[in-house]
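Here is the structure we will look at, set down as structure tokens.
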Amino acid sequence: MIEIHHEVAGFRARLDRARASGARVGLVPTMGALHDGHLSLVAEAKARARFVAATIFVNPTQFGPGEDLARYPRDLDRDVALLARVGCDAVLAPPVEQIYPPGERTRVSVGELGDTLCGPHRPGHFEGVATVVTKLFAIAGEHTAVFGRKDYQQLAIIRRLAIDLLLPVTVVGAPTVRDPDGLAMSSRNAYLSPEDRCRALSLSAGLRAAHALFVAGERRASALREAAAGPVRRAATSVDYVDVAEPDTLRVHDDDAVVGARALIAIAARVGATRLIDNVVAGEEGSP
Ligand code: AMP
């Protein structure tokens with residue numbers, strides 16, 4: 001039976017007990033509205049840890065003004081049923097005051113990993129992410145945390161913060177789960193009309209085109225970028241960026257650069273009112 005916790009103290013005590021009984025703890029932080037991408041993270045955690053917990057918390061500090069905090073999809077009963085089905089042992093679904101106590105002031109700043117790609121388009125977003133993830137890591141104690149590569153920049157920032165803040169957490173990245181037609185699963189896909197969903201396929205189509213060029217030997221950043229951007233420019237309502245970047249530092253390559261053995265190709269675009277992101281690391285992963 002999955003245990004549901006709404007209070008940090010009880011959840012923390014439960015994970016302490018699991019560790020005391022000799023179990024490794026796995027943690028899967030989410031904002032709920034779960035799909036198969038999230039459930040794949042639970043499976044990955046179960047492969048690495050005997051006691052697996054998920055968190056469901058729509059973190060207000062990572063939403064900018066005018067973003068979708070108020071209308072973000074929420075359905076706790078459905079989410080808990082899905083987590084139970086894949087063998088998750090416990091879930092923390094706390095009210096906001098449990099995570100941001102009255103009078104709270106502290107934020108975790110992320111440095112230059114937050115300055116590229118999505119950073120300039122979502123001021124404060126990664127500081128909000130880093131702050132909530134640090135809190136969740138502090139609650140969970142020593143554990144293995146699993147995050148999706150779909151949010152590649154977020155994963156890079158979280159890997160860095162676990163090292164920099166000396167947290168007893170092993171951070172694991174798991175592959176992006178896609179619908180059969182290539183669309184990266186996302187809770188925000190629920191906002192897409194059928195027509196928008198078709199247009200949203202341009203992101204994975206662009207990544208596939210760029211990836212195919214890379215596999216064929218193309219190493220000019222400009223050519224990879226143009227291959228990825230073409231379908232997105234034609235179909236998206238607006239494009240935040242299509243960038244080719246160095247996968248570890250996230251530094252964006254200039255158009256005259258030649259990429260190395262691996263290249264991060266990342267896209268953020270709006271389809272209708274919905275902001276979507278997707279990426280592939282060419283030289284490391286299969287085609288999107
Ligand atoms: P979210 O609920 O959107 O904050 O995402 C929670 C976790 O699920 C993050 O680590 C995401 O990277 C991961 N995630 C979201 N979508 C996918 C996907 N399609 N495949 C794999 N992981 C995902």
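When a ligand or atom number is given, it counts from 1 through the structure's own listing order. Positions are given from 1, in the same order as the sequence printed here. Note that this is a predicted model, so its numbers are computed, not measured.
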Does Arg220, at its CZ atom, have more than 12 non-hydrogen atoms belonging to other residues, nucleotides or ligands within less than 6.0 Å? no
Test your reading of the structure: does Pro29 have an N or O sitting under 3.5 Å from an N or O of ligand 1? no
Does the N or O separation between Met185 and ligand 1 drop below 3.5 Å for any pair? yes
Would Arg24 count as a cation-pi partner of Phe51, with NZ or CZ less than 6.0 Å from the six-membered ring centre and within 45° of the ring normal? no
cation_pi(Lys135, Tyr100) dist<6.0 Å, angle<=45: yes
Test of understanding: given a 4.0 Å heavy-atom threshold, classify the contact between Val28 and ligand 1 as side chain, backbone, both, or neither. neither
Would you mind checking which non-hydrogen protein atom is closest to [atom], with the distance to 0.1 Å?
atom                    : value
atom 10 (O) of ligand 1 : Gly148 N, 2.8 Å
atom 21 (C) of ligand 1 : Pro175 O, 3.4 Å
atom 13 (C) of ligand 1 : Leu41 CD1, 3.6 Å
atom 5 (O) of ligand 1  : His38 NE2, 3.4 Å
atom 14 (N) of ligand 1 : Asp151 OD2, 4.1 Å
atom 20 (N) of ligand 1 : Val177 N, 2.9 Å
atom 4 (O) of ligand 1  : Met31 CG, 3.5 Å

Using a strict cut-off of 4.0 Å, indicate which atoms of ligand 1 neighbour a heavy atom of His35. 15 (C), 16 (N), 17 (C)
Atom indices of ligand 1, in the order listed, that fall short of 4.0 Å to a heavy atom of Gly37: 18 (C), 20 (N), 21 (C), 22 (N)
Using modelled atom types only, decide if a donor and an acceptor are shared between the side chain of Arg78 and the backbone of Leu34 within a distance under 3.5 Å. yes
Ring-plane angle category for His143 and Phe137, please: parallel below 30°, perpendicular beyond 60°, tilted otherwise. perpendicular
What's the spacing between Leu69 CG and Phe63 CZ if we round to 0.5 Å? 5.5 Å
Can you name the closest pair of heavy atoms from Gln98 and Glu7 and give their distance? OE1-CA, 3.4 Å
Charged N to carboxylate O under 4.0 angstrom, Lys150 versus Asp278? no
